Amino acid sequence: MSDPFHGLRSHMKTMKERMKASGAALVVMKDNRVVEEWYDGFHHDRTGARSIDASSRFNVYSVRVTYISLAAARNRLGEENQYDHADR
C-alpha cells in the first residue's frame, strides 16, 4: 500500500532543514478527523531539549505564514487531491 503523505512529510522535513528550524510538526485533518500526524526535531538547539510531539506548542509570529503554507499545500495537492482514500 502506498503512503499518500510521504511527499508532504518529505517536503516538511526539507523546509525545516532549509529554514534551520529546530523542530517542525504537521497535522492533516479531513472531515474533522486527524488523518496524518508528523513530528520532527526538538524544542530548541541546546543539549537536553525535549523532542517535538503532539503536546508541543509553536509560537506563531505571523498568521499570514499559516495562510501561505495552506495555499502552498493546496497547490501541491491540487484542487481534487489524491489523499481522499487516506484513512488513519
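The shown structure was predicted, so the numbers you read here are calculated from the model rather than taken from an experiment.
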When every non-hydrogen atom of A24 is compared with those of F58, the smallest separation belongs to C-CZ, 4.1 Å
Can you name the side-chain contact (heavy atoms from CB on, under 4.5 Å) partners of M29, sequence neighbours left out?
-> V27, V34
With the 4.5 Å side-chain cut-off for hydrophobic clustering, are F42 and M12 part of the same group?
-> no
Between I52 and A25, the two heavy atoms sitting closest are CG2-CB, 4.3 Å
If a pair satisfies side-chain hydrogen bond (donor to acceptor under 3.5 Å, both in side chains) and one of its residues is in residues 39-49, list it, with sequence neighbours excluded.
-> K13-D40, K16-D40, E37-Y39, H43-R50, H43-S56
Atom CG in L8, atom CD in E36: separation rounded to 0.5 Å?
-> 7.5 Å
Spacing of CE belonging to M15 relative to CD belonging to E17, to within rounding of 0.5 Å = 11.0 Å
